[in-house]
There are 2 protein chains.
Amino acid sequence: MDQSEKLHGHGAIGARRSDAIAAELAQMIQNGGFQEGERLPAERDLMQRYGVSRAAVREAIITLANRGLIETRLGHRPIVRKPDYEIAIDKVGNLVGHLVVDRKGVWNLFETRIFLEAALARWAAKHARRDHLEELRAALETNREAIGNSSLFDQTDAAFHAVLYRIPGNPIYPAIHKAYVEWLTQHWRSMRRGADIDQMNYAGHEAVLEAILARDPDSAEEAMRRHLTAAWEFVRSTFPSSN
Amino acid sequence: MDQSEKLHGHGAIGARRSDAIAAELAQMIQNGGFQEGERLPAERDLMQRYGVSRAAVREAIITLANRGLIETRLGHRPIVRKPDYEIAIDKVGNLVGHLVVDRKGVWNLFETRIFLEAALARWAAKHARRDHLEELRAALETNREAIGNSSLFDQTDAAFHAVLYRIPGNPIYPAIHKAYVEWLTQHWRSMRRGADIDQMNYAGHEAVLEAILARDPDSAEEAMRRHLTAAWEFVRSTFPSSN
DNA sequence: AGATAGATTTTGGTCAGACCATATGCTACC
DNA sequence: GGTAGCATATGGTCTGACCAAAATCTATCT
């Protein structure tokens, strides 16, 4: 197949040559034409292969790099990467950052978290295996020991919730959890608080776990909703009243 | 602030100048330094403002365009855009394409859909307002009339589910629904089927609505799970047995 | 022979200047 | 006053060059 012919051929108005090249390379990466870790041809090779200038090739390379499909380093040929769910969801953050700056945007996001975690708690109450329950117990204990140490508490807090995201066994859920933590955390990192707040959050976790252990989906969902709604009250208080 | 100074200063190894410029412009867009619809300065202006070559400016521009923060047209200065949730999620589709090609990847995605819609059905049964119920009724009726017309049925099918995504009043849910439809549809578009399949899916919708109207969350969730699980059986059958 | 240090080559990052295609806007003519 | 045509602005592309970092090769030393 003559690639340059093909690329020059379809004269979609306004379409950059680099876009066509990027699309072509992206498809080759997705279809296995390039394996993970493999190195892409050098820019000077690609410009010959596609019959375009180096600028066009570079613009395509940069597009792929922005998508996370390749890694670029000075002096190196680009390395092929195949982003997983976490990386993919991470990229969304860059796009919607402006939607999550005001109180309403953060609330929309937080509301989906409450909704999802309530459903996860319900799921755990119905389907969690014994090893999952043990994980939850251990995470709760670690969380209890961190009461009073703000940064450590946050860490163990997230770890407790993370277990719930792992229980369904679908890699998409942990990726979503990571996104929640990264996007939402920055909004309450600056919060001053004492051990009493930690104590309250710990109590919330405890209630959730108790309901799960009792195999009571309704209570588990309710406990999680109560816990996260209470947490939201503090996030909300950190926002300027105008927004 | 002397931008060129700043940009040349932090010599983070491997960092492209265009990345720094893109980040700077992206922040100005998000912070309202540029309003939606406004036009960015010309490339030749930006190269002077940042003290870099036009290639560097162009690479930054292309990065922003890929993120959907600006629109570029030949002969036009770039136009500032602020992507909403739907556009953002759209962009992710490019990234996870390779994760949604084999059966396992599609199942992971479909499983989250079952999980989410089951929770949405539960929510609707508990909180749907009268106008929501009326919307559901109307959507179901339209869906019934489309039985036998495959493409029209798919359309009204999606429309019925879309109502459920709208009920919580959070714009993130409809965006997710759009993503599901776009990412998953292509895997069963090619499916041959008769009116009997439409009839089955319609019956599923009907059962869901009945449970919601009866304000029975458990039944609503159960009906939705049954409906989507049945739908999955057909998607699954379209995959090569090897994957 | 193997390891190490230095020279050469590869390769991405940047710059400069030019030309083309398209959109915009001005100007002169009707 | 409206319209056609010309000048201008602007994005898209090309060519060729230079720099910096990494990789590779080579010669030297142990």
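Remark: P of D:dT10 and CD1 of B:Ile79 are 13 Å apart, rounded to the nearest angstrom. Taking atom CD on A:Glu59 and atom C1' on D:dG11, their separation rounds to 10 Å, with Å as the unit. To the nearest angstrom, P of C:dG13 lies 9 Å from CD1 of A:Ile61. B:Gln48 places its CD atom 11 Å from the P atom of C:dA16, with the value rounded to the nearest Å. Taking atom CE of A:Met47 as the reference point, atom P of C:dG13 lies 15 Å away to the nearest angstrom. Between the CG atom of A:Leu40 and the P atom of C:dT11 there is a distance of 12 Å, rounded to whole Å. Summarising the geometry, the separation between CZ on B:Arg16 and P on C:dT11 is reported as 17 Å, rounded to the nearest angstrom. Following rounding to the nearest Å, A:Arg17 (CZ) and D:dG11 (P) show an atom-to-atom distance of 18 Å.
The side chain of A:Ala56 lies closest to D:dC14, out of D:dC14, D:dG12, D:dA17. The listed nucleotides are D:dC14, D:dG12, C:dT14; the one nearest the side chain of A:Ala55 is D:dC14. Here the nucleotide nearest the side chain of A:Leu74, chosen from D:dA20, C:dC15, C:dT14, is D:dA20. Of the candidates D:dC14, C:dT14, C:dG12, the closest approach to any side-chain atom of A:Glu43 belongs to C:dG12.
Under 4.0 Å is where a charged nitrogen must lie from a carboxylate oxygen, and between B:Arg17 and B:Glu59 no such pair does.
Note that CD1 of B:Ile167 and CG of B:Leu120 are 8.0 Å apart. Values are rounded to the nearest 0.5 Å.
A sub-4.0 Å separation between OP1 or OP2 of D:dG12 and a side-chain N or O of B:Arg58 is present. Within the 4.0 Å cut-off from OP1 or OP2 of D:dG16, not a single side-chain nitrogen or oxygen of A:Arg54 is found. OP1 and OP2 of C:dG12 both lie 4.0 Å or more from every side-chain N or O belonging to A:Arg77. For D:dA21, neither phosphate oxygen OP1 nor OP2 lies less than 4.0 angstrom from any side-chain nitrogen or oxygen of A:His76.
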Handout entry: Residues A:Thr185, A:Tyr180; criterion side-chain hydrogen bond (donor to acceptor under 3.5 Å, both in side chains); working and verdict
Key = CA-CA 8 Å; A:Thr185 292; A:Tyr180 280 141; over 6 Å; no
Problem - salt bridge (Lys or Arg N to Asp or Glu O under 4.0 Å) between A:Glu71 and A:Arg81, worked out - result: CA-CA 7 Å; A:Glu71 259 179 30; A:Arg81 293 287 173 224; 3.2 Å; yes
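A donor and an acceptor atom never sit less than 3.5 Å apart when one is taken from the side chain of A:Arg73 and the other from the base of C:dG13. You'll find a donor-acceptor pair under 3.5 Å spanning the side chain of A:Arg44 and the base of C:dG12, going by distance alone.
Position along DNA chain C of the nearest nucleotide to B:Arg39 versus B:Ser18 favours B:Ser18 as the more 5'-ward residue.
Using cut-offs of 30° and 60° on the angle between ring planes, the pair B:His205 and B:Phe153 is parallel.
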